[in-house]
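The next block holds one structure in the form of structure tokens; read it before the comments.
These numbers were taken from a predicted model, which means no experiment stands behind them. Heavy-atom basis, side chains included; hydrogens, waters and symmetry copies ignored.
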Amino acid sequence: MAEYDVIIIGTGAGGGTLAQHLAPSGKRILLLERGDWLPREPQNWLAQDVFVDNRYVSEDTWYDEKGKPFQPQIHYFVGGATKLYGAALYRLRAEDFGELRHHDGISPAWPISYDELEPYYTKAEQLYEVHGARGEDPTEPPASAPYPLPPVSHEPRIQQLSDDLEAAGYHPFHAPCGIRLNEANLPYSACVRCANCDGFPCAVHGKSDADVLGVRPALEHGNVELLTNATAVKLETNSDGTAVTEVVVEHEGELERFGADLVVLACGAANTAKLLLVSANDEHPQGLANGSDQVGRNYMFHNSQAVLALSHDENPTIFQKTLGLNDFYFAGNGNDYPLGNIQMVGKSQAPMFHGEKPGETKLAPHWSLEMVAKHAIDFWLSTEDLPMPENRVTVDPDGKLTLAYTATNDTPKKELYKQLHSMLAKLRMEPDHLFHRFAYMKNEIPVAGVAHQAGTCRMGADPADSVLNADCRAHELDNLYVVDTSVFPSIGAVNPALTAMANSLRVGDHLLERLGAGTHAAAAV
């Protein structure tokens with residue numbers, strides 16, 4: 001059996017970031033990825049292939065609480081979900097780390113404060129080459145450094161939208177964006193500022209994803225190995241169940257075993273929980289690290305809506321994801337509770353609607369799909385999803401993953417939509433035309449949209465109601481850690497990727513100390 005200092009299972013925002021951070025230590029590190037490298041091919045940028053044919057959705061079958069199978073919108077590749085994400089790299093608000101009252105209940109406090117994570121947010125923004133502007137968003141938390149890169153400029157129609165929002169008394173801001181764009185020196189820019197970014201893989205590696213900026217730099221170190229098409233199927237422990245001794249991996253049709261001093265899970269909220277549950281043994285009959293019965297519980301994935309408005313004039317914007325609005329993030333502005341975040345998403349393209357039954361045209365019968373796409377201004381609305389113990393991942397003896405989920409905060413979700421709808425006339429848009437954009441929802445089954453999945457292995461101070469301690473180490477196993485979004489006690493209402501990256505760097509410093517490597521590797525960030 002091959003032995004390592006660290007095994008990292010998963011290569012996305014958590015695992016890929018951690019690998020890059022640990023690599024300069026010289027410690028032997030094995031990265032396990034159940035998928036392969038995402039192929040670079042012309043189809044990367046074709047809406048028909050990506051949105052209609054689901055070319056990059058990895059084959060898997062999960063089940064809802066009624067036993068109905070569904071295909072999750074999951075991406076098993078080196079880099080994980082970041083290969084197709086929109087690279088919206090927001091910090092949680094400082095208040096998100098404390099207890100917050102919502103319409104449907106309490107969003108719980110984290111066992112760490114924003115101030116503890118702040119230095120790692122700064123490092124993550126530097127590592128992932130984030131563009132942005134401090135001081136525009138009134139809800140933004142304190143930062144110890146400016147964004148490493150200037151904000152991505154608005155194209156004319158989005159600049160007009162920003163100006164109109166400001167004139168109406170709102171506070172639009174340049175969205176924090178992880179694209180590798182150099183507007184001052186375009187001949188040397190990795191990003192070409194195309195329309196095929198949000199939800200697409202990037203054929204030219206112009207997106208700040210965990211493959212390009214995490215895994216590949218890690219592999220430049222001879223002490224780091226990557227095994228692809230390698231699915232971790234079980235964790236074995238020592239006889240008293242206090243430490244993981246082996247990772248059992250299915251690779252090329254065979255079972256292989258690997259050992260390490262430290263084992264880190266970064267499989268995504270659902271699959272990290274699954275791996276712990278299927279690894280049950282005599283010492284952990286409910287699943288590894290599950291003495292609290294919290295593994296798999298408190299699943300969250302944002303109560304989100306992708307909608308489009310129809311502009312009076314055509315919207316020729318190419319890269320649209322440059323603007324955000326947090327005026328309704330907290331209680332206030334006439335609301336007794338938080339509503340959420342409004343941001344832009346990638347520009348609609350007519351092929352995205354093909355094969356759907358788009359409601360986009362039912363209220364505007366004289367608009368063709370092509371006309372809708374030309375006039376569309378596209379928004380993403382996120383409302384915080386609260387952690388509920390009955391929203392959970394379970395696994396049967398055959399390994400079948402069931403995801404039971406009931407939405408929370410539906411009232412503020414509807415009110416956020418109404419709020420945007422009420423603003424349209426002031427924003428040079430058709431006041432009666434704000435439609436749900438099914439292309440981004442992917443599937444009529446709500447639980448299938450798992451891009452923002454979180455919870456299931458929450459960190460906390462009390463082993464009775466959490467899975468991990470504040471260092472993201474399992475309460476019950478001394479050498480088992482988790483660094484994906486499953487550790488989140490709450491999810492806030494902004495994209496979770498940067499928080500996962502920052503927390504991975506924070507845990508990485510702890511691991512370096514434990515390995516006797518110090519924190520000198522942080523210089524690589």
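More than 12 heavy-atom neighbours from other residues, nucleotides or ligands sit within 6.0 angstrom of CD on E116.
Note that CZ of F173 and OG1 of T322 are 11.0 Å apart. Values are rounded to the nearest 0.5 Å. Considering OG of S208 and OH of Y85, their distance stands at 6.0 Å, rounded to 0.5 Å. To the nearest 0.5 Å, atom NE2 of residue H75 and atom CG of residue L84 are 4.5 Å apart. Once rounded to the nearest 0.5 Å, the distance linking CD of Q126 with CG of L149 reads 10.0 Å. Residue E118 holds its CD atom at 12.0 Å from CD1 of I112, rounded to the nearest 0.5 Å.
Under the side-chain contact (heavy atoms from CB on, under 4.5 Å) rule, I342 has a single partner from V307, D327, L165, L325, which is L325.
Remark: the T408 side chain and the D104 side chain contain no N/O donor-acceptor pair separated by less than 3.5 Å. N479 and D261 form no side-chain donor-acceptor contact under 3.5 Å, judged by distance and modelled atom types alone. For the residue pair E415 / Y337, a side-chain donor-acceptor distance below 3.5 Å is found, with atom types taken as modelled. Y299 and S486 share no side-chain donor-acceptor pair at under 3.5 Å. With hydrogens and angles left out, the side-chain atoms of T122 and S144 include a donor and acceptor closer than 3.5 Å. No side-chain N or O of D60 forms a donor-acceptor pair with one of S58 less than 3.5 Å apart. Remark: the N303 side chain and the D385 side chain contain no N/O donor-acceptor pair separated by less than 3.5 Å. R193 and S153 are linked by a side-chain donor-acceptor pair at a separation below 3.5 angstrom, with hydrogens and angles left out of the test.
Stacking of R34 on the aromatic ring of Y76 is recorded, both the 6.0 Å distance cut-off and the 45° axial limit being met.
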For a quick test of your reading: what N or O donor-acceptor pairs under 3.5 Å do the side chains of residues 7-19 make, sequence neighbours left out?
from : atom 1 : to   : atom 2 : distance (Å)
T11  : OG1    : E33  : OE1    : 2.6
T11  : OG1    : G79  : N      : 3.0
T17  : OG1    : A13  : O      : 2.5
T17  : OG1    : Y128 : OH     : 2.7

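Residues that satisfy the salt bridge (Lys or Arg N to Asp or Glu O under 4.0 Å) test with D137, not counting sequence neighbours, are R93. Among residues two or more places apart in sequence or in another chain, the salt bridge (Lys or Arg N to Asp or Glu O under 4.0 Å) test is passed with R506 by none. Scanning for salt bridge (Lys or Arg N to Asp or Glu O under 4.0 Å) contacts around E225 gives R28, with sequence neighbours left out. E283 meets the salt bridge (Lys or Arg N to Asp or Glu O under 4.0 Å) test with no other residue; sequence neighbours excluded. Not a single side-chain hydrogen bond (donor to acceptor under 3.5 Å, both in side chains) links N335 to another residue, sequence neighbours left out.
With H131 contributing its side chain and P150 its backbone, the two residues share a donor-acceptor pair below 3.5 Å. Checked by atom type and distance alone, the side chain of K207 pairs as donor or acceptor with a backbone atom of C197 at under 3.5 Å. A donor-acceptor pair is defined here as one N or O able to donate and one able to accept, closer than 3.5 Å; such a pair exists between the side chain of N238 and the backbone of T242. Distance alone, capped at 3.5 Å, places no donor-acceptor pair between the N495 side chain and the A497 backbone. Side-chain atoms of E99 never come within 3.5 Å of backbone atoms of A109 as a donor-acceptor pair (strictly under, hydrogens ignored).
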Practice problem: Walk me through it: do H103 and D410 pass the test side chain to side chain donor-acceptor pair (under 3.5 Å)? | Solution: CA-CA 9 Å; H103 181 274; D410 265 348; over 6 Å; no

Quiz item: Going through the checks in order, is the side chain to side chain donor-acceptor pair (under 3.5 Å) test met by H475 and S466?
Solution: CA-CA 8 Å; H475 289 299; S466 59; 2.8 Å; yes

